[in-house]
There are 2 protein chains.
Amino acid sequence: MSRATVSRVVNGVTSVDENIRQTVERAISSTGYLPNLAARSLVTRRADAIALVLPSESRIVGDPFFTRIVRGVSTVLRPLGVHLVLMMTGADTGDQVVADLRQGRLDGVILVHTYQADPLPTLLLQSRQPVVLSARPAEPIPITYVDVNQTAGGALAAEHLVARGCTRVATITGSLDRPPGHDRLAGFRDAMAELGQPDVVSVEGNFTRESGAAAMEQLIAEYPDVDGVFIASDLMAEGALPVLRKHGRRVPDDMAVVGFDDSSAALSCDPPLTTVRQPVEDMAAEMARQLLRQIDRVDTPIRSVIFEPILVVRQSA
Amino acid sequence: MSRATVSRVVNGVTSVDENIRQTVERAISSTGYLPNLAARSLVTRRADAIALVLPSESRIVGDPFFTRIVRGVSTVLRPLGVHLVLMMTGADTGDQVVADLRQGRLDGVILVHTYQADPLPTLLLQSRQPVVLSARPAEPIPITYVDVNQTAGGALAAEHLVARGCTRVATITGSLDRPPGHDRLAGFRDAMAELGQPDVVSVEGNFTRESGAAAMEQLIAEYPDVDGVFIASDLMAEGALPVLRKHGRRVPDDMAVVGFDDSSAALSCDPPLTTVRQPVEDMAAEMARQLLRQIDRVDTPIRSVIFEPILVVRQSA
DNA sequence: TTGTAGGCGTTATCAG
DNA sequence: CTGATAACGCCTACAA
């Protein structure tokens, strides 16, 4: 019996005589034969591996957020036997990734939370390599990405604060020059206006714990009558809560607090945080699917997929 | 000029005429030639990729701990061009990994915090595949691992509590049937005895936040005079602190608290936690080195490498 | 439906 | 020091 026939059986080609197929399969399982993937890769020109590129400095890593991404991506990749190669951005990540792609070690790339000026997206785009971003890029470039509906998230927070009776509402925003910071604020503002409270106080933070604390100090000093606040990330909320406690404000009685992300911080806060949650696993799975589609056929059209967030109600609001 | 010569230049073989070498290198950089790694892999029988296997349920993932491991491993792998393939344990992880190893897609495996009954270590050992564990296995099997000196960590906590004047000291332990839980307690106890306080109260937790809270409730109820406590993980400490606050105990004035891990929890606690820190990056880098050594030559002797922890003093003690 | 034969892009072995 | 030449293990026309 020839190697060709065995190859056909292994790859599930239908045009194989049933008897022969069974014989081959018996032989395979009795020998414990496994095809050598390097050899296959050489001829199929597929690495069956994709890279997940993460920002190394990030507050993102070291957060369930990241785990959830890996989990979501894996659910799609694992059944297909596609490897997930992890890379934290460093000085030469860009070249490294491009080289791996060209050397046939990688079939595509998922870029998670690239920083604003990251040249990698454009680089990959130009070399026509399969790539998916985890969020809308700051600059509008023709690239496939998956994102959460940030404005809807802000609106969710607004509705909850109003529904629970807050009459003087504020927000601590993220960096306004980044899409998430900008959009969460916009969504929150618009929703508050529609709910009849157009005068929303806002203080700008930068998504760090420290900035959350500072913003809350400022808020309390300048607007002592605020009774509800939407903080655009859990991490900032984590910084803000001790400030409230220090000033004797009880949460949620004196001040209702809604966060964003549903990160680990949300649970470890005292009290646990009511927060806007992104369906990260689903989003990650979708990123994987979009990437595989691009790998499957070049010239897959650019696409962006937006997921809806939900509000997780805990005790802070 | 022959492929063979080019191959020699690419692989830096010394026995090549300097003129020819330069010509080849010029040609390479002007063409932008990159060797196909699948083809190389086929003949060298190296995948230049290793797997990092993580427990999926874990509180470990979603913690800087995990990021630090990746970073440490990457510092060793990246310069060598070795890929880091991430796998979260699932139903079939074991078979998957073994298959990948045999198919030449993976050269070795780093197993992070495997659970007690995990068959994978033994499986890999039997098939003589390169493998390194991130901690001493519960059962004494002949396998290479890297660990922190857990008992020394417990002793560090003891010394600090005594040095700051605590006279009635307790500990909330981790699961005592697991090496870290057992060893941290033993190290703490022994050190306390040497410091003249042999009567250490201990309550057993199981490393979860909830168990930390419950243990602290019990501690306060049964031993109201305790003024210092070593909690065997930051996560448990995070659960315990609100309990102390609820009972009106100030930290550190009424109760000094020392944690273990220096996880994200340590920083987000109020007050920030004094805790025992493992040199995770160094340990991870060492795991990578040990693994590469095994990959380089089979029959590398089993080895265990132990790192010393340090105490990070913040405000809880 | 099956087998034959060529090729995928390297590295490694040997003569020269 | 260099250049043929033979693997490496698999897939895939193409022919039978």
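A, B, ... follow the sequence lines: proteins, then strands. Residue 1 opens every chain.
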Checklist line | Gap separating the CG atom of A:Asp118 from the OG1 atom of A:Thr89, nearest 0.5 angstrom | finding: 7.5 Å
Check: Would you say the side chains of B:Gln294 and B:Gln290 form a donor-acceptor pair under 3.5 Å?
Finding: no
Check: Does A:Ser2 make a side-chain N or O approach to OP1 or OP2 of C:dT2 shorter than 4.0 Å?
Finding: no
Note to self: Between P on C:dT1 and CD1 on A:Ile20, what's the gap in Å once rounded to a whole number?
What the structure shows: 11 Å
Output a table of nitrogen or oxygen pairs between the protein and nucleotides 8-11 of chain D separated by less than 3.5 Å.
residue: D:dC8; atom: O3'; partner: B:Arg45; partner atom: NH2; Å: 3.4
residue: D:dG9; atom: OP1; partner: B:Arg45; partner atom: NH1; Å: 3.4
residue: D:dG9; atom: OP1; partner: B:Arg45; partner atom: NH2; Å: 2.7
residue: D:dC10; atom: OP1; partner: A:Tyr33; partner atom: OH; Å: 2.7
residue: D:dC10; atom: OP1; partner: A:Asn36; partner atom: N; Å: 2.7
residue: D:dC11; atom: OP1; partner: A:Asn11; partner atom: OD1; Å: 3.4
residue: D:dC11; atom: OP1; partner: A:Asn11; partner atom: ND2; Å: 3.1
residue: D:dC11; atom: OP1; partner: A:Arg40; partner atom: NE; Å: 2.7
residue: D:dC11; atom: OP1; partner: A:Arg40; partner atom: NH2; Å: 3.2
residue: D:dC11; atom: OP2; partner: A:Ser7; partner atom: OG; Å: 2.8

Check: Under a 4.0 Å N-O cut-off, is there an ion pair linking A:Asp183 with A:Arg136?
Finding: yes
Note to self: Could you work out how much the helix from C:dT1-D:dA16 to C:dG16-D:dC1 bends, comparing the axis of its first five pairs with that of its last five, to 10°?
What the structure shows: 40°
Quiz: residues 97-106 of chain B side-chain donor-acceptor pairs under 3.5 angstrom, not counting sequence neighbours:
residue: B:Asp100; atom: OD1; partner: B:Arg105; partner atom: NH1; Å: 3.4
residue: B:Asp100; atom: OD2; partner: A:His83; partner atom: NE2; Å: 2.9
residue: B:Arg102; atom: NH2; partner: A:Gly32; partner atom: O; Å: 2.4
residue: B:Arg105; atom: NH1; partner: A:Gly81; partner atom: O; Å: 2.9
residue: B:Arg105; atom: NH2; partner: A:Asp48; partner atom: O; Å: 2.6
residue: B:Arg105; atom: NH2; partner: A:Gly81; partner atom: O; Å: 3.1

Check: With sequence neighbours left out, what residues match B:Ser74 under side chain to side chain contact (heavy atoms under 4.5 Å, CB included)?
Finding: B:Val70, B:Leu84
Donor-acceptor contacts under 3.5 Å from residues 298-307 of chain A side chains, at least two apart:
residue: A:Asp299; atom: OD1; partner: A:Arg128; partner atom: NH2; Å: 2.7
residue: A:Thr300; atom: OG1; partner: A:Arg293; partner atom: O; Å: 3.3
residue: A:Thr300; atom: OG1; partner: A:Arg297; partner atom: O; Å: 2.6

Check: Does the pair B:Val53 and B:Ile110 meet the rule for a side chain to side chain contact (heavy atoms under 4.5 Å, CB included), with working shown?
Finding: CA-CA 6 Å; B:Val53 178; B:Ile110 294 178; over 6 Å; no
Item checked: Separation of C:dT1 P from A:Asn19 CG (nearest whole Å) -> 13 Å
Check: Expressed in angstrom and rounded to an integer, what is the separation of A:Arg46 atom CZ from C:dG9 atom P?
Finding: 16 Å
Item checked: For B:Thr44, side chain to side chain contact (heavy atoms under 4.5 Å, CB included) partners two or more places apart -> B:Arg40, B:Arg46
